[in-house]
Amino acid sequence: MRRGHIGVVAAAGALTVLAAVPAHAAEYSSALKIKGVQYDAPGRDSNSCATGNTDEEYLTIKNYSRTATVNLKGYVVKDAAGNKFTFTASHSLQPGDYVKLRGGRGDDSDAKNVVYRDNCNFMWNNDKDTIYLYKPSGAHADTHAYTKSANDRDGNGYITYHG
């Protein structure tokens, strides 16, 4: 359903109202969700591994569970074009903890809450894209579509989804 539309179904004399879901987000049963994305790295885009700024493009994934620790190993992040990153190493997120999945190369660190894609190409488009997060089982964990004009009102290249 699109934002602002409410489906109404009459069943056996009872009236049931289905909640509207925003067009840019689908809610899935998952402790891990996309907190936000820096889809447009500050400065002029350069995917040079030595001097570029792909490490300034990142996706923040947060564990919204109040009790469960979640291991990122096996989780997959994809974009609309099919570019993907799979978390191949163990990285545990305690309840309320987050990780920034950055482009470029660097040292992954639990203490600094960072994992690098080890790829110096930009993943997220600067005008519009869709971000998919999948569980190791292949089930959807979270999905968000964005357009620069509709979702980045202050123009800073960062969009927040779940607070």
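The residues of the chain are indexed from 1 along the displayed sequence. Predicted, not measured: the structure shown is a model, and the values here were computed from it.
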Under the ring pair (Phe, Tyr, Trp, His ring centres under 6.0 Å) definition, can you give me all pairs with a residue in residues 54-76, not counting sequence neighbours?
Tyr64-His162

Of all heavy-atom pairs between Lys33 and Ala141, which one has the smallest distance, and what is that distance?
NZ-O, 4.0 Å

Suppose we screen for side-chain hydrogen bond (donor to acceptor under 3.5 Å, both in side chains). Which residues come up paired with Asp55, at least two apart in sequence or across chains?
none

Nearest 0.5 Å, please: how far is CZ in Arg102 from CG in Asp108?
12.0 Å

My understanding is that only residues two or more places apart in sequence, or in another chain, count here; which of them pass side chain to side chain contact (heavy atoms under 4.5 Å, CB included) with Ser137?
Lys135, Ala139

When every non-hydrogen atom of Ala41 is compared with those of Phe122, the smallest separation belongs to CB-CE2, 4.0 Å

Could you tell me which residues satisfy side chain to side chain contact (heavy atoms under 4.5 Å, CB included) with Ala80, sequence neighbours excluded, listed by chain and number?
Asp129, Thr130

Does Ala111 have any side chain to side chain contact (heavy atoms under 4.5 Å, CB included) partners at least two apart in sequence or in another chain, and if so, which?
Ser109

Correct closest heavy-atom pair for Arg117 and Gly103 would be NH2-CA, 3.5 Å

Is there a side-chain contact between Met123 and Val77, using heavy atoms and a 4.5 Å cut-off?
yes

Please write out which residues are connected to Val114 in a hydrophobic cluster, directly or through intermediates, given that two of Ile, Leu, Val, Met, Phe, Trp, Tyr count as joined at side-chain heavy-atom separations below 4.5 angstrom.
Tyr116

Take atom CG of Asp107 as the centre, draw a 6.0 Å sphere, and report whether it contains more than 12 heavy atoms from other residues, nucleotides or ligands.
no

Taking only residues two or more places apart in sequence or in another chain, which ones pass side-chain hydrogen bond (donor to acceptor under 3.5 Å, both in side chains) with Asp79?
Asn83

Listed pairs under 3.5 Å, donor-acceptor, residues 87-96 side chains, sequence neighbours left out:
from, atom 1, to, atom 2, distance (Å)
Ser90, OG, Asn71, ND2, 3.3
His91, ND1, Asp110, OD1, 2.4
His91, NE2, Asp110, OD1, 3.3
Gln94, OE1, Thr69, OG1, 3.0

Do any pairs count as a disulfide (SG to SG under 2.5 Å) and have a residue in residues 42-143, sequence neighbours left out, and if so which ones?
Cys49-Cys120

I need the Lys100 NZ to Lys112 NZ distance, nearest 0.5 Å.
13.0 Å

Can you name the nearest heavy-atom pair linking Asn121 to Thr54, along with the distance?
C-CG2, 4.0 Å

Any donor-acceptor pair under 3.5 Å from Asn47 side chain to Gly52 backbone:
no

Pairwise distance CD1(Ile159) to CD1(Ile34) - rounded to 0.5 angstrom:
11.0 Å

Looking just at side-chain N and O atoms, do Asp142 and Tyr161 make a donor-acceptor pair shorter than 3.5 Å?
no

Any donor-acceptor pair under 3.5 Å linking the side-chain atoms of Asn126 with those of Asp40?
yes

Separation of Asn113 CG from Thr60 OG1 (nearest 0.5 Å)
10.0 Å

Whether Asp152 side chain and Gly157 backbone form a donor-acceptor pair below 3.5 Å:
yes

Among all residues two or more places apart in sequence or in another chain, which pass the side chain to side chain contact (heavy atoms under 4.5 Å, CB included) test with Asp127?
Asn125

Quick check: is Tyr132 connected to Val37 through a chain of hydrophobic side chains (ILVMFWY, heavy atoms under 4.5 Å apart)?
no

With sequence neighbours left out, the residues meeting side-chain hydrogen bond (donor to acceptor under 3.5 Å, both in side chains) with Thr51 are Ser48

Kindly write out the residues that satisfy ring-ring contact (aromatic ring centres under 6.0 Å, His included) with Tyr134, not counting sequence neighbours, or none if the list is empty.
His140

Look up atom CG in Leu59 and atom CD in Gln38, then write down how far apart they are to the nearest 0.5 Å.
11.0 Å

Using the rule that two of Ile, Leu, Val, Met, Phe, Trp, Tyr join whenever any of their side-chain heavy atoms come within less than 4.5 Å, decide whether Val70 and Val115 are in one cluster.
yes

